[in-house]
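When reading the values below, keep in mind they use all heavy atoms of this one structure, side chains included, and skip hydrogens, waters and symmetry mates. Letters A, B, ... mirror the listed sequences (proteins, then strands); counts begin at 1.
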Number of protein chains: 2
Amino acid sequence: MIHESAAGPAATIQPPGDYEALRAAIAQRHGALPGRLQQVAEFTLDHPTDVALATVAEVAQRTGVQPSAIVRFARAFGFNGFTEMQQVFRSRLVAGVAPSYKARLARMKRDEASILGRRPLAVLGRFVADAHSALDSLLQSATEQDLEAAIAILAPARDIYLLGLGGSYPVAAHLAYVLRKLGRRVVLLDGIGGGIGEQSHAATAQDALVAISFRSYYPDTVRLFPELVARGVPAIAITDSLLSPIATGARLVFELQDMPEAAMRTLAAPLCLVQALAIGLDLAGD
Amino acid sequence: MIHESAAGPAATIQPPGDYEALRAAIAQRHGALPGRLQQVAEFTLDHPTDVALATVAEVAQRTGVQPSAIVRFARAFGFNGFTEMQQVFRSRLVAGVAPSYKARLARMKRDEASILGRRPLAVLGRFVADAHSALDSLLQSATEQDLEAAIAILAPARDIYLLGLGGSYPVAAHLAYVLRKLGRRVVLLDGIGGGIGEQSHAATAQDALVAISFRSYYPDTVRLFPELVARGVPAIAITDSLLSPIATGARLVFELQDMPEAAMRTLAAPLCLVQALAIGLDLAGD
DNA sequence: CAGAATTTGGAATGTTCATTCTATTTTCAA
DNA sequence: TTGAAAATAGAATGAACATTCCAAATTCTG
């Protein structure tokens, strides 16, 4: 009895860490498994989503076996129980919808190493990974509709006003640079010379506004944005939440998720978006 | 008992059935919600994946509220409890498994081949792909040595001067922002108020300079950089070629290859590099 | 400013769930 | 065919969990 739990199936091997590895292991050992466990193997391969979200009882019922058989199956693959195996199936769901989550987990592991050694290359690796996942989720969330709507707002504008302060200022500056290169009239609201209010004074409904702001939202941005909107200036917001102060009142909101705190963000995603807007606008042949 | 379920909060409205509808409802009612429920609203919008998979206790802890507040939140939106609301968040995960971003990226490349013209999503896809590969080659070319050398130059500096104009200005601005957040003294040479020369006048060998410039090199950068180097200011260059005007005289050169022309570049790579330098410097415990 | 209504924190409750245990059946070897 | 070993079913157990409840605090309202 004692040696069973010490040298039992759970201790024989260590469990696969990611879904693909687990899937491969199940497929390989399928033939050598006892009858009921074969049933379970087939079900898990065919219905990974159910395994990820359902309870033991549900999986057992749908497989046509007892709950204990499910647990035995998990233990046969090195897990301590069904719950542990389920995590692997859940990681697959998470990876599919939000690549950044997966990256975040990978980052955590890297972090532990980098804190010990304070190795700057690990730090760079982390930011590169962050930027990668931010770009991926940008591509997932942006739609053709949104981009076309944005271009439709910008195309007829006489002047394009850009509002991005604090940590978002580089994005606004870059957009200003590109738009000017393409021959558009741009007003970058940077507050230099004192009055950010004065800079935007001439904005009308014939113009357009692109505002960029992420948590924690820069006070001047929060103050100025509603003013311009109230004056009828059509606005595009690039932000990190639908609850952002610049989301309400905007004709169009680009929501970039999983933005890290200010000092940690790489700005890769908003810069790419802004770049695509500018070039897309130019290609649209104004 | 009976009238409780008939006239209780759960019966006031009927709950949104799919994720997008729920998301919209949360965003809309956010302002009218009591304080704690607002917190919950923000968390659910920002971390839908966590809500889908975690327990009430976990969500509560991460939100910073009591478990009961989570349940109240769910009931406020017409659900009978957290479990019921969680189903909606789970449906999002299940729906998201199929279309992966890789497939989408691949499709974009196909679209792009046919004609880049007029399809803004294809344009975005192209920039995202560009940024991806730029980040990868950054990670390949950067060495631990270089990064450590850079940090060794920056750590003892009294003031850090940043020189990046034209298309590179957003990179310099971002580096300035992050360094200041970390408590470093920074002078951003932006030429505002006329004299970029005056701004850099106080730079000495006790300070340090980070210069960023890509083709075609901005004239003021080309002019000012050798001046500062001649005065003994230790310089780090971030550029696209060893033949760049800011490569000669620099203590250290980060060479980023394959930089597209000014209006087409996304700046993802230099921004990441600069970010890693700043954080690496901070971790080095100056 | 007083009273009512709402909101909130935190513990108590009762349910659901994964896991374990044991008797029984099945399989295999001699 | 018989004995031993493995596998299985199903109930028992104990832990984890969502939910409820109530007192305290806060916010509205007259």
Side-chain angles (χ1 to χ4, degrees), chain A residues 1-12 15 29-44 50-90, chain B residues 1-12 15 29-44 50-90:
Chain A
M1 295 304 180
I2 295 161
H3 69 282
E4 179 185 58
S5 59
T12 52
R29 291 182 50 190
H30 172 265
L33 253 32
R36 284 279 117 87
L37 297 199
Q38 279 193 18
Q39 272 181 263
V40 179
E42 284 153 26
F43 184 85
T44 58
D50 291 298
V51 178
L53 296 178
T55 66
V56 168
E58 286 169 331
V59 173
Q61 197 205 330
R62 299 203 49 193
T63 309
V65 302
Q66 287 293 321
S68 50
I70 307 294
V71 175
R72 278 204 307 274
F73 177 81
R75 295 182 71 90
F77 282 88
F79 300 99
N80 278 322
F82 172 75
T83 308
E84 219 173 78
M85 183 178 75
Q86 195 178 40
Q87 295 308 315
V88 177
F89 282 86
R90 287 187 169 188
Chain B
M1 296 299 188
I2 296 161
H3 70 282
E4 178 185 60
S5 60
T12 51
R29 291 182 50 192
H30 171 264
L33 254 31
R36 284 288 117 103
L37 298 196
Q38 281 193 18
Q39 271 180 262
V40 180
E42 284 152 29
F43 185 84
T44 57
D50 292 296
V51 178
L53 296 179
T55 66
V56 168
E58 284 169 332
V59 173
Q61 199 206 332
R62 298 202 49 195
T63 309
V65 301
Q66 291 289 324
S68 49
I70 306 293
V71 176
R72 278 203 301 273
F73 177 81
R75 295 183 71 90
F77 283 88
F79 301 99
N80 278 322
F82 172 75
T83 309
E84 217 172 83
M85 183 180 75
Q86 195 178 41
Q87 296 307 316
V88 177
F89 282 87
R90 289 187 169 187

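Contacts of A41(B) classified as side chain to side chain contact (heavy atoms under 4.5 Å, CB included), with partners at least two apart in sequence or in another chain: I26(B), H30(B), L33(B), F73(B). With sequence neighbours left out, the side chain to side chain contact (heavy atoms under 4.5 Å, CB included) criterion links A54(A) to E58(A), V59(A). Residues passing the ring pair (Phe, Tyr, Trp, His ring centres under 6.0 Å) test with F82(B), sequence neighbours excluded: none.
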inquiry  = At under 4.0 Å between heavy atoms, how does the protein contact nucleotides 22-30 of chain D? Give one character per nucleotide, 5' to 3', with B, S or -.
reply    = ---------
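The salt bridge (charged side-chain N to carboxylate O under 4.0 Å, His left out) contacts involving residues 77-89 of chain A comprise nothing, where partners must be two or more places apart or lie in separate chains. Among residues at least two apart or in separate chains, there is no salt bridge (charged side-chain N to carboxylate O under 4.0 Å, His left out) pair with a member in residues 31-43 of chain A.
Nearest heavy atoms, R75(B) versus N80(B): NH1-O, 3.0 Å. Scanning all heavy atoms of the two residues, the minimum distance from A69(B) to L37(B) falls at O-CD2, 3.6 Å.
Of all the residues in residues 55-64 of chain A, T55(A), V56(A), A57(A) reach under 4.0 Å from DNA chain C with at least one non-hydrogen atom.
Between dA7(D), dG10(D), dT19(D), one nucleotide has an atom nearer to the side chain of S68(A) than all others, and that is dG10(D).
Q87(A) CD: more than 12 foreign heavy atoms inside a 6.0 Å radius.
Within the structure, every side-chain polar atom (N or O) of R75(A) is placed at least 4.0 Å from both OP1 and OP2 of dT19(C).
With rounding to whole Å, Q66(A) atom CD is found 14 Å from dA12(D) atom C1'. A straight line from CZ of F82(A) to P of dC17(C) spans 11 Å, rounded to a whole angstrom.
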